[in-house]
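First comes the structure, then the notes that go with it.
Owing to the predicted nature of the structure, the values given are computational and were not obtained by experimental measurement. Count residues from 1 along the sequence.
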Amino acid sequence: MSSRGTHTVLNAQAKGGAISLVHPRWADFDAWAALRRENTEYLRPWEPDVSTHGLNRPAYRGRLSRLKKLVQQDRAYPFHIFRGETLVGACNVTHIERGTAQSAKLGYWIGEQFIGRGFARASVGAATTFCFNGLGLHRVEAAVQSDNAASMKVLQSQEFIFEGTARGMLKINGEWRDHDIYAKLSSD
Ligand SMILES: CC(C)(COP(=O)(O)OP(=O)(O)OC[C@H]1O[C@@H](n2cnc3c(N)ncnc32)[C@H](O)[C@@H]1OP(=O)(O)O)[C@@H](O)C(=O)NCCC(=O)NCCS
């Protein structure tokens, strides 16, 4: 992990090669918009807000400015995942709670053309280590629909433990969907 102010970079080794996790940058726009556009239908069953409306430069500028503020405020740490120079997905640490909770939530997606190469496993592993060792958090949580076998496998491989089911947790593709809650605690 390297960190310069709000410019954290996480490096990890995946089955499909070395990856790096970098905060979203202006230079990522073309690759990000293309990957999101190509994967609209792939992501629709799993993500709350899948739309092509925000895939333009003004919306991306606003998005970057919101994300930068969240990082500065220690509320979220969004990452684009790169295999070499190629953007393959994203992994976001969000909903950071300090005080007595010291917790965060994790969300991630990989473009369909890049799945099955261990990029999600490696990203979740690196982001979780960053939460514990870089941010000093105690608990990292992820919510998964119970029919998302690949995502559950990713979390289990990184020693996240199933804790229970949150009913009607998120509206996805027009329906309130139950989600299984997985979490990992720091060893401290
Ligand atoms: C879930 C997702 C992130 C996985 O990305 P990925 O890079 O392919 O994940 P990995 O390669 O690190 O690991 C996936 C594991 O699930 C397994 N897997 C894939 N599809 C599976 C299925 N239908 N049933 C069971 N296991 C499956 C893979 O074989 C792999 O296990 P292995 O490493 O033991 O072979 C990706 O498919 C995705 O972005 N899906 C849509 C968005 C999403 O679901 N995000 C997570 C929301 S909680």
Side-chain angles (χ1 to χ4, degrees), residues 8 10 12 14 19 21 23-24 32 35-36 39-51 54 63 66-67 69-71 73-81 88-112 114-188:
T8 303
L10 309 179
I19 57 167
L21 280 69
H23 291 321
W32 176 81
L35 194 61
R36 292 295 301 184
N39 282 279
T40 305
E41 293 314 314
Y42 177 63
L43 296 174
R44 197 180 299 286
W46 311 116
E47 280 195 8
D49 186 20
V50 180
S51 118
R63 179 185 170 79
R66 283 193 301 280
L67 293 177
K69 224 170 270 170
L70 289 172
V71 173
Q73 294 168 343
D74 184 43
R75 290 167 60 201
Y77 294 83
F79 294 102
H80 282 168
I81 307 166
V88 300
C91 182
N92 301 315
V93 176
T94 64
H95 296 84
I96 292 178
E97 265 193 69
R98 292 296 186 176
T100 50
Q102 298 295 336
S103 64
K105 294 187 180 179
L106 206 56
Y108 45 89
W109 60 272
I110 300 291
E112 189 177 13
F114 301 112
I115 60 173
R117 302 188 206 174
F119 294 151
R121 267 175 191 246
S123 300
V124 166
T128 306
T129 300
F130 169 63
C131 286
F132 293 153
N133 298 347
L135 300 177
L137 296 175
H138 170 66
R139 175 186 163 89
V140 178
E141 183 180 307
V144 190
Q145 290 182 68
S146 51
D147 53 348
N148 196 342
S151 187
M152 282 182 192
K153 208 157 176 194
V154 166
L155 292 169
Q156 286 160 355
S157 79
Q158 300 308 308
E159 297 168 330
F160 279 65
I161 305 290
F162 171 70
E163 295 187 333
T165 301
R167 294 173 305 130
M169 184 184 177
L170 293 173
K171 195 174 202 175
I172 294 189
N173 208 6
E175 272 182 47
W176 290 104
R177 302 293 310 254
D178 295 352
H179 279 69
D180 289 351
I181 305 299
Y182 281 78
K184 183 169 180 175
L185 304 185
S186 77
S187 47
D188 305 337

Quick one, Ser187 with Phe132, criterion side chain to side chain contact (heavy atoms under 4.5 Å, CB included). Give me CA distance, side-chain angles, the key distance, then yes/no. CA-CA 9 Å; Ser187 47; Phe132 293 153; over 6 Å; no

Could you note down all residue pairs passing ring pair (Phe, Tyr, Trp, His ring centres under 6.0 Å) where residues 165-188 supplies at least one of them, sequence neighbours left out? Phe162-Tyr182

Of the non-hydrogen atoms in His23 and Pro78, which two are nearest, and what is the gap between them? ND1-O, 2.6 Å

Heavy-atom side-chain proximity of Gln145 to Ile172 below 4.5 angstrom: yes

Nearest-0.5 Å distance that lies between atom NE2 in His138 and atom OG in Ser186: 5.5 Å

State, yes or no, whether a side-chain contact exists between Met169 and Ile181 at a heavy-atom distance under 4.5 Å. yes

Closest non-hydrogen atom pair, Ala12 against Ala122: CB-O, 3.9 Å

Is there a side-chain contact between Trp32 and Arg63 in this structure, where contact means two heavy atoms from C-beta onward sitting under 4.5 Å apart? yes

What's the spacing between Leu137 CG and Leu185 CG if we round to 0.5 Å? 11.5 Å

Which atom pair, heavy atoms only, marks the closest approach of Ala104 to Val93? CB-CG1, 3.7 Å

Are side-chain heavy atoms of Gln158 and Thr128 found at a separation under 4.5 Å? no

Return the CD to NZ distance between Glu163 and Lys184, rounded to the nearest 0.5 Å. 13.5 Å

Pair Val154, Phe119 - check side chain to side chain contact (heavy atoms under 4.5 Å, CB included), show working. CA-CA 10 Å; Val154 166; Phe119 294 151; over 6 Å; no

Check this for me: does any side-chain nitrogen of one of Asp49 and Arg44 sit under 4.0 Å from a carboxylate oxygen of the other? no

Looking at Trp109, does the NZ or CZ of Arg36 lie under 6.0 angstrom from its six-membered ring centre and within 45 degrees of the ring axis? yes

Please check: side-chain N/O of Asn92 versus main-chain N/O of Gly107, any donor-acceptor pairing under 3.5 Å? no

Can you tell me how far apart CD1 (Ile19) and OG (Ser123) are? Round to the nearest 0.5 Å. 3.5 Å

For Ser146 and Asp180, run side-chain hydrogen bond (donor to acceptor under 3.5 Å, both in side chains): C-alpha distance rounded to whole Å, both residues' side-chain angles, the deciding distance at 0.1 Å, then the answer. CA-CA 6 Å; Ser146 51; Asp180 289 351; 4.8 Å; no

Does the side chain of Tyr77 reach to within under 4.5 Å of the side chain of Leu70, using non-hydrogen atoms? no

Answer yes when Arg75 and Glu97 have at least one side-chain N-carboxylate O distance shorter than 4.0 Å, and no when they do not. no

Roughly how far apart are Leu106 CG and His95 NE2, rounded to 0.5 Å? 12.0 Å

Heavy-atom side-chain contact between Tyr42 and Ile115 under 4.5 Å: yes

List in chain and number order the residues that pass salt bridge (charged side-chain N to carboxylate O under 4.0 Å, His left out) with Arg121, two or more places apart in sequence or in another chain; answer none if no residue qualifies. none

Quick one, Leu170 and Glu175 - any side-chain contact, counting heavy atoms below 4.5 Å? no

Atom CD of Gln156: over 12 foreign heavy atoms under 6.0 Å: yes

For Leu10 and Ala126, the nearest pair of non-hydrogen atoms, with its separation, is CD1-O, 3.8 Å

Under 6.0 Å between ring centres: does that hold for Phe79 and Phe130? yes

Report the C-alpha separation of Asp74 and Leu135 in whole Å, then their side-chain angles, then the decisive distance to 0.1 Å, and conclude whether the side chain to side chain contact (heavy atoms under 4.5 Å, CB included) test is met. CA-CA 9 Å; Asp74 184 43; Leu135 300 177; 4.3 Å; yes

Rounded at 0.5 Å granularity, tell me how far CD1 in Ile81 sits from CG in Leu35. 10.0 Å

Heavy-atom check, side chain of Glu141 versus side chain of Phe160, under 4.5 Å: no

